[in-house]
Structures are given as structure tokens and as C-alpha cells.
Amino acid sequence: MSFSTGVPVGPCDLSVVVPAFNEGRNIETLAERLVPVLDDLATSWEIIFVDDGSHDDTLTRIKALAAWDRRVRAVSFSRNFGKEIAIAAGLDHAGGRAVVLMDADLQHPPEVIREFVAKWREGHAVVYGQRIDRAGDGVVRRKLTQGFYRLFAAAGETPLPPGAGDFRLMDRKAVDALRSMGERARFSKGLYAWIGFKSVGVPFEVADRAEGVSKFSFRKLFSFAFDGITSFSTVPLKLWTYVGVTISFFSILSALFFLTRTFVEGVDVPGYASLIVSVMFFSGIQLISLGVLGEYIGRIFAEVKRRPLYIVGESIGFGEAGAEIARPVLVRRPA
Ligand code: UDP
Ligand code: MG
């Protein structure tokens, strides 16, 4: 793997990575609550904001904060790449012996990091926050989320710990393991589970979003769910073999049935309705299976193009390496 920038500034005890997309109004409040916690916990720490192509004043506010405290650094994307990629960029730039991931909207209470660090010092390489309740989420979204996790458990080979999300602490070795995975379709929850390591959950209550609205529309969540299933399971591909075999079996049975009946009762009036229905049924099945193939091929195409995962427009607080380069820089190429 080669890195043109994205080199961590230097080792420190604790890095906090915060992806932020249009979170201007939350940046200062977050820093106000986070800094005292970090001061207590570590002699050297850094907060790395990843500005995911925000349209509001997120970057300006981060810059103001960075000017005031040099331990605040930032990477700003050239456009919106999505939270999963923002997390990957944050991990690339973090220099801490442990890295905490958290949202910018204060739904992840900074105080919980104290428990994360305590568990890490006890020797756990991964400490994840376990949501106690998602009451703020609305019934439909909660049911759909539940359904997705069931489906993922049934289809995938990688079980996900219940309630675990992106709010977590990871030891350097877990961070390096994650960084070694160069996939485009990054379903972090699956990747976290896949790398293994000694892990422990810390229950926490999800707070209400401080300011602004959730950045995840249903459409985004659906495509996210699809990425999750397709990058961790090939069951949707293999399923069609079984469907095909079952249907062929029944068609042979019915062929035998009709043949026998023709011999016994002679030719009767053909039924157009059943004909049309079965034709439609089978073309439907074929189109679905083609669609599933297409989804996978599309993802293979995206992977083989080997584009960089993200483009950095600007980096703040990373010293010479970041300041030197005025043009967009390709930060990461998969090995
Ligand atoms: N986020 C991001 N890029 C996106 C969408 C979201 O970096 O395209 C960030 C967002 O700023 C926040 C975190 O990801 O810090 C979680 O997003 P949000 O609170 O909207 O999601 P929810 O809590 O509703 O799942
Ligand atoms: Mg949120």
C-alpha cells in the first residue's frame, strides 16, 4: 500500500475520528464536551474531523477550532463520499494508539469514552458502544433495521453483535487490520465483525440528535443494506440454483401429470389463463435472478476499477505534508 499524504502526524495516545456532513451547528458543542473528557484520559490526543463534502459552514467552524487548538485536525473531501468512506479516511489519518469513532451530532455521548478507554486498558482490542434504545428512530425504521439484521444473520457468515454501531474504540492493531481492507462498498459494521479481536460491548443510551436532521434517507439506508448483504454473503447468488432446481422438479412432475391425463382422458380444451400465469411467473423469476447477477457484477466492476477510496480537497493540521499540496490528492490506493 502506498500513501501520498494521509500520513498520521505522529503517534499519540488517543485519536477521535468524527465524520461530519453538514454538522456546522454541532461542531463546537461536540468539542466542548469532548475536550475535557480527552484531557482527563490521555496526555496526548487528537480529534480528526472528516468533512464529508458539507455544503454548510462545517469546514469553517472546524478550521476555527483547529486554529485555536492544534490537536484538532481535519480532512475535507472534495465532495460527499458517504459516512463509511469518511470513517476510512479518518482511520487513515489517525495516529493514536487507540482510535475512537463517533458521530458529530452528539448522539454518541462523549462521556462514554471514559468506559471505552478503561476497557481498552484492561486489554480489549475493540470496545464497541451497544445501543440501549433507539426510541428516537420511529417504528418503521426500527422494524426495517431489525429485519435487516435478521436477514444479515441468516445470509451472512459474519455474525454482527446486536446493537453495535460505529461508536467504538479500536486498538492500533484493529485499525491497521481495517485499513488493510481496500473494498469500495464499505459496510463497516460487517468489517468490524470480520476482523475479529478481543471485543467487549459497553451499553450506552443513544441521545437525541443535537442539531439538524439525520443524513440517512430511506433510500440511502436501503442501498447501505444492500451493500451490507452483497459484500458479506453470496447466498443471493446461490439461491437461484435452488429455486431453479425446485421449479424444474415441479415442471417435470406436472409434465408427467399432463401426459398421463392426456393418455387417459384425451386432449381437453387448453387453459390460457394458467399458461399466461406460468409464463409470467417464470419470466419474473428469470428477471430477478438476472437482476441479482447484475448487482454483483456491478460491484465487481466498481472494485476492479481500483479508484481511490476518496479524494481529499484540503487537509488541516497535518503539517507540511498537508499544507504543501494545493491540488486534490489521491490518498489511498488499495494494495
Ligand atoms: N455522515 C457523513 N456523511 C454522510 C452522512 C452522514 O459523514 O453522507 C455523518 C454525520 O455527519 C454524522 C454521522 O455520519 O456525524 C451519522 O449521521 P446521522 O446522524 O445523520 O445518522 P443517524 O444517526 O440518523 O443514523
Ligand atoms: Mg445521528
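Each ligand, and each atom within it, is numbered from 1 in the order the structure gives. Predicted model, so just to flag it, every value in this text is computed and none were measured.
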Which is it for [X] and ligand 1 at heavy atoms under 4.0 Å: side chain, backbone, both or neither?
X     : answer
Glu23 : side chain
Asp52 : side chain
Asn22 : neither

Within a strict 4.5 Å, meaning less than it, do heavy atoms of the Phe249 and Thr246 side chains meet?
no
Below 4.5 Å, heavy atoms only, C-beta onward: do Ile229 and Phe148 meet side chain to side chain?
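A side-chain contact under 4.5 Å exists here.
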Check the pair Val72 / Val35 against side-chain contact (heavy atoms from CB on, under 4.5 Å), numbers first and verdict last.
CA-CA 10 Å; Val72 174; Val35 169; 5.8 Å; no
Under the criterion side chain to side chain contact (heavy atoms under 4.5 Å, CB included), which of Glu115, Arg114, Arg121 is the partner of Val117?
Arg121
Pick one: which of Leu34, Val16, Leu38 meets side chain to side chain contact (heavy atoms under 4.5 Å, CB included) with Pro110?
Leu34
Aromatic contact, Tyr192 with Tyr128 (centres under 6.0 Å)
no
Return the set of residues passing side-chain hydrogen bond (donor to acceptor under 3.5 Å, both in side chains) with Asp56 (not counting sequence neighbours), or none when no residue passes.
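Expected list: Thr58.
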Going by chain and residue number, what protein N/O/S atoms come nearer than 2.8 Å to the Mg ion (ligand 2)?
Asp105 OD2, Gln107 OE1
Subset of ligand 1 atoms that lie under 4.0 Å from at least one heavy atom of Asp105:
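So the atoms of ligand 1 that pass are 19 (O), 23 (O).
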Interfacing atoms of ligand 1 (cut-off 4.0 Å, heavy-atom, Gly82)
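Numbered from 1, ligand 1 contributes 3 (N), 8 (O).
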Considering both backbone and side-chain atoms of Ala86, is one of its nitrogen or oxygen atoms within less than 3.5 Å of a nitrogen or oxygen in ligand 1?
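The answer is no, given that Ala86 and ligand 1 share no N or O pair closer than 3.5 Å.
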Could you check whether atom CZ of Phe222 has more than 12 heavy atoms from other residues, nucleotides or ligands sitting under 6.0 Å from it?
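Open.
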Is it true that atom CH2 of Trp194 has more than 12 heavy atoms of other residues, nucleotides or ligands lying nearer than 6.0 Å?
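Not buried by this count: 12 neighbours or fewer within 6.0 Å.
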